[in-house]
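Each chain gets a letter, A, B and so on, in the order the sequences are listed, and its residues count up from 1.
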Amino acid sequence: MLAALQARAAATARPGRVSLQLLHKGARGVRSSDARASSAVQPAQPSQPAAVSAVVQLDEAGFAVLPKELPSMRGVDFKQELDPRYAETIEVIIDGHPVQVQKGSSLIQACEQVGIQVPRFCYHERLSVAGNCRMCLVEIEKAPKPVAACAMPAAPGMKVFTNSPIVKKAREGVMEFLLANHPLDCPICDQGGECDLQDQSLFFGSDRGRTTESRRGVEDKNLGPLVKTVMTRCIHCTRCVRFATEVAGVDELGTVGRGNAMEIGTYVERMLDSEISGNIVDLCPVGALTSKPYAFTARPWELRSVESIDVLDGYGSNIRVDTRGGEVMRILPRLNEDINEEWISDKTRFAYDGLKRQRLDTPLIRPDPEMPLQPATWKDALTLVAQKFKATPGARIGAFAGPLADVESMLALKDLCNAFDSEAIHCDVPAGPLADCRAAYTLGSTIAGVEEADAVLLLSTDLKREAPLLNARLRRRVYHDGVRVASVGPRVPLTYEYEHLGDSVSQLLELANGTHPFCKVLAGAQRPLVLVGTGAYERTDARGVAWAVQKLVTSVPALIQDGWLGFGTVQPTAAAVGALDLGLTPLASSAAAGVGASDGAIAEPLGLVYLLGYDSIDLDRLSPDAFVVYQGHHGDVGAETADVVLPGSAYTEKVGTYANMEGRAQRTARAVSPPGEARDDWKILRAISELAGKPLPYAGVDGIRERLAAVAPQLADGTESIHAVSPDIAKAMLAVRASDKFDFDTKTPFASCIDNFYMTDAISRASTTMASCTKAFAK
Amino acid sequence: MALRAVREVRVLLCKGEASAGAKQFIVDKYAEIKKAHPLLPFLVREASGAAPTLTARFAHGVEKVVPLSGLSSADVAKKLSELGSASP
Amino acid sequence: MRAASVQRPASRLFRTSAALSAGQGTHIHRDSAGNSESTPWEWTPESLKKIDMYLARYPDTPQGKMSAIMPLLWVAQQQTDEAHATIKAKPSYDGAFAFDSPQGSGGWVPLAAMHAIADLLGCPRMAVYEVATFFTMYNRNQQGKFHIQLCATTPCMVCGAYDILASIEKHLGIKCGETTADGTFTLTEVECLGACVNAPMVQINDYFFEDLTPQSVVKLLDDLKAGNPVKIGPQNARVHSLGPLGRTSLKSPPKGPYCRDLSQIPAN
């Protein structure tokens with residue numbers, strides 16, 4: 001392993017220096033000080049690693065010899081990337097070199113800005129400073145003892161030495177103390193190979209220990225089915241406690257006892273009841289908190305990583321899929337400041353075992369409605385489907401795209417159906433305001449922009465379960481800046497204080513008419529934000545609710561202004577925005593599935609029903625002679641009812657574009673091959689079109705991307721940026737409302753569109769981990 | 001305007017001056033069009049760097065694409081009605 | 001430096017410390033019959049008065065109210081300290097000090113009380129748990145009626161504290177850290193109680209019983225169990241902390257405070 005490391009170091013770093021950065025990149029790659037990502041596509045490796053040397057050359061005075069120019073992170077002039085509010089710099093002298101660092105940064109941040117990684121355990125960029133590990137000690141000239149770099153603010157003219165003999169001795173001493181009570185668990189510890197304690201003791205610790213006494217042992221705590229705890233390994237950095245309290249809003253974790261007997265735990269046995277609890281596994285620098293489903297399955301050096309996007313909710317978190325031997329072993333977050341920062345939700349992280357169960361791997365044909373599905377060849381299955389396309393009149397062909405469908409396959413599906421004169425191509429989104437304007441169904445303020453809002457109204461959404469990371473961002477706003485949040489919808493705990501205005505349509509109507517007291521708050525805010533959950537449109541009076549929402553949005557001028565679009569729909573699925581962008585029609589209400597037209601009028605019963613991963617089909621509404629084709633990757637409800645099953649690929653097995661709730665198009669990457677005979681979804685549709693005599697005008701990836709650029713250029717440019725809607729267009733188009741009278745259902749309360757956070761789509765339904773979570777956390 | 005045969009209208013706009021006329025057309029005329037044809041999907045999508053175009057889709061997936069770069073609002077209206085009255 | 005009768009090794013494993021001070025409980029809560037989340041807890045009127053007094057000392061902000069966790073835990077412990085009144089303290093000399101209300105060392109803080117404090121102050125329950133587990137004076141397990149706290153730090157150890165411990169353990173039939181089956185006595189080993197001159201000694205609830213011998217401690221425990229009056233302070237004939245020779249200095253009252261009045265200083 002060392003040889004491999006050295007070879008890699010020789011290839012990419014300066015000769016003769018082993019980079020700590022590289023060591024981490026290969027193993028975990030999620031360091032907070034890694035890639036300062038902008039929203040542009042990130043390269044797989046940093047262009048210039050930080051030059052922290054393990055083999056240090058000392059001059060006569062005992063100080064480290066460092067290059068004349070200290071490299072900044074990724075070779076980018078950090079000043080250009082800074083928010084102008086924080087662009088002021090001061091000068092400090094680090095290791096003899098005068099450098100300009102951002103004013104207000106702590107020493108540890110200042111050193112990072114110039115490329116020096118100070119070792120640390122308890123400091124984390126996104127958490128409050130604890131200063132209890134003492135590993136980040138650096139020497140300051142004229143200070144009586146070394147100071148904790150994480151807690152000391154950089155002052156102009158400060159002379160800092162990060163590699164002096166005192167600092168080295170301090171690091172060795174701290175490491176020795178940490179290891180004195182640490183069990184010799186490396187062979188059985190999952191963190192081995194990506195363990196901060198291992199790495200830092202290798203680089204900064206002494207080569208021998210002096211402990212002859214027995215070590216303390218601590219009982220393991222039960223934190224639930226997701227996080228495995230071996231508390232003897234805990235070094236009490238308190239990162240998990242600070243994350244739970246500050247980010248997740250769960251006050252259950254704490255430090256009980258003191259001194260040698262201190263334990264991190266919940267005192268009373270409780271599970272960590274948060275949708276983002278899995279992130280403490282990433283945060284823990286040692287193997288005290290590890291992933292329970294992943295326990296004892298793989299070592300990090302065996303894994304191959306692919307950078308991809310999560311599609312199990314509408315958030316579009318950036319993930320890293322780790323595979324070994326063609327099997328997905330785990331999913332880790334990737335840094336993206338604009339979307340998920342460094343966190344992912346538990347469903348994203350742990351539902352990957354659903355990818356290995358209930359998979360469709362061969363085409364299936366049901367020869368007779370009474371008989372079960374039989375395996376068939378691709379040729380037979382596709383020919384049969386193509387025949388049906390040719391034989392069925394256009395008005396009786398209907399297609400439904402499910403929650404995990406990628407943009408390319410939905411485009412191919414639409415083109416195919418349109419070629420056969422069908423207009424009934426639906427997506428799994430309830431009909432809200434007309435999808436003519438993009439602002440009607442995307443998060444206008446963008447996810448990062450939610451942090452600019454100064455008054456927030458939530459409508460019919462349980463944000464904690466529909467978009468837990470968005471909820472965490474709102475929590476930050478509430479507690480750091482005192483932003484007021486009000487909700488009309490289910491009274492649910494959101495981890496922060498908010499005003500619950502009610503859960504009935506009447507409150508919405510009052511808000512729309514301007515008679516509700518909260519209207520004053522919205523009107524007085526400079527950047528108000530209205531977030532609507534799709535649960536608002538899953539009702540019988542959905543059209544009326546959409547009308548009222550549009551009225552509300554157009555009545556508050558500050559909601560749509562230059563530079564701020566404060567209206568957003570929290571889409572719970574990854575396919576929603578892409579589908580509506582392409583022009584697929586939403587369902588009139590979820591109960592209308594199986595019948596077709598988007599305006600709720602009963603159309604002719606469908607003769608050919610094409611399900612693209614759509615499992616919410618309402619079997620009662622299907623006509624008895626309907627021919628159902630299911631194309632998807634899991635044997636869920638849709639496949640059971642189908643006459644032909646065509647196996648497609650899941651999100652880790654194809655390159656697909658998905659637009660998240662802000663309208664940002666991101667591409668998944670192919671980490672493993674689809675099982676058996678399964679193929680890429682859009683290629684299946686292309687093959688059907690060819691066999692049916694109306695071949696789609698694209699045969700390769702370039703072709704379909706060109707077509708996508710013609711239909712929906714905002715999804716096709718590959719820059720992962722958001723193309724915002726112009727305020728005038730948004731205002732003009734959202735102002736267009738039907739003028740019918742509506743019957744509002746004041747009895748049914750506004751509900752969330754998500755029933756069970758852990759099981760919302762075919763992959764999570766097939767996952768045993770999600771099943772145990774449902775059992776454990778069922779309310 | 002008669003848009004009977006049109007199944008879907010797509011207006012792609014860019015961020016710059018070239019789409020100014022088309023933008024104005026949408027702002028002025030969208031309500032009218034929608035009132036006349038409430039069930040017609042009239043998709044307006046913006047992307048920086050895209051060429052402003054107007055696409056009308058007819059039966060059987062036949063599409064007619066008209067560039068809108070630099071046209072004024074009235075020109076765009078004319079193009080749309082031309083497309084609407086054209087046979088697929 | 002070891003006394004001849006010490007049977008323990010010079011270095012002690014850290015993990016045994018928690019067990020020996022089991023009066024304070026381990027750092028994990030385990031539900032037991034009288035101590036679970038659903039056990040009811042009601043503040044008495046006296047406790048409520050004390051709570052109001054303590055809350056008035058701190059600002060009415062979330063952080064400020066959390067400062068009241070410590071005194072409120074003590075109020076809860078005082079509320080459960082009912083055994084105090086049963087120690088009939090017989091002063092051994094004029095002016096010996098006896099408490100007239102429970103101070104709290106015989107009580108304990110049930111989980112339900114910690115939850116009540118958290119609800120009262122509007123702070124997370126974990127904050128209360130953290131404070132209660134930090135300090136050993138808060139007993140988180142039910143104590144026996146008499147909480148025998150034996151000091152075994154250096155001066156007491158040298159004077160035979162471990163012999164006293166052995167004697168108590170033999171007499172009661174329990175080990176250090178345990179409670180007798182009838183719930184009368186809990187025995188814990190604690191740190192220095194500051195009565196080093198009168199070593200070896202124990203603190204039972206709020207009273208010190210000093211200058212013990214293995215026999216006198218047994219008699220003391222029997223008296224306590226029977227409800228007889230007991231002498232607090234030295235169990236032998238010693239008065240206060242007087243040495244065996246009696247008073248050898250400060251035999252007469254001090255001369256007047258002439259230094260305080262500078263005008264009285266003699267010329268030379």
Pair A:Arg737-B:Lys34, side-chain contact (heavy atoms from CB on, under 4.5 Å): steps then yes or no: CA-CA 9 Å; A:Arg737 304 186 295 273; B:Lys34 217 53 206 189; over 6 Å; no
Trace of the side-chain contact (heavy atoms from CB on, under 4.5 Å) decision for B:Arg10 with A:Val711: CA-CA 8 Å; B:Arg10 250 186 338 255; A:Val711 172; 3.8 Å; yes
side-chain contact (heavy atoms from CB on, under 4.5 Å) between B:Leu13 and A:Ile729, worked out: CA-CA 11 Å; B:Leu13 303 169; A:Ile729 294 205; 3.3 Å; yes
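Heavy-atom distances place no part of A:Lys731 under 4.5 Å from chain B, backbone and side chain included. The parts of A:Asp728 that come within reach of chain B are both its backbone and its side chain, each placing non-hydrogen atoms under 4.5 angstrom from that chain. With a 4.5 Å cut-off on non-hydrogen atoms, A:Leu696 does not touch chain B at all. Proximity to chain A (any heavy atom under 4.5 Å) is shown, for B:Gln24, by neither the backbone nor the side chain. Looking at B:Lys15, the atoms closer than 4.5 Å to chain A (heavy atoms on both sides) all sit in the side chain, from C-beta outward. Contact of A:Ala710 with chain B is made through the backbone alone, with heavy-atom distances under 4.5 Å. For chain B, no part of A:Leu715 is nearby; none of its heavy atoms comes within less than 4.5 Å. Looking at B:Leu12, the atoms closer than 4.5 Å to chain A (heavy atoms on both sides) all sit in the side chain, from C-beta outward.
Interface summary for chain A: among B:Pro41, B:Ser48, B:Ala31, the most heavy-atom pairs under 4.5 angstrom belong to B:Ser48.
Tested against B:Glu46, the residues A:Ser726, A:Pro713, A:Cys437 include a single side chain to side chain contact (heavy atoms under 4.5 Å, CB included) partner, A:Ser726.
Residues B:Ala59 and A:Asp421 share a closest heavy-atom pair of CB-OD1, 3.4 Å. Across A:Asp581 and B:Arg45, no two heavy atoms sit closer than the pair O-NE, 3.2 Å.
Looking at B:His60, its side chain never comes within 3.5 Å of a backbone N or O of A:Phe420 through a donor-acceptor pair. In this structure a side-chain-to-backbone donor-acceptor pair under 3.5 Å is present from A:Asp436 to B:Phe42.
Heavy atoms from other residues, nucleotides or ligands lying under 6.0 Å from CD of A:Glu706 number 12 at most.
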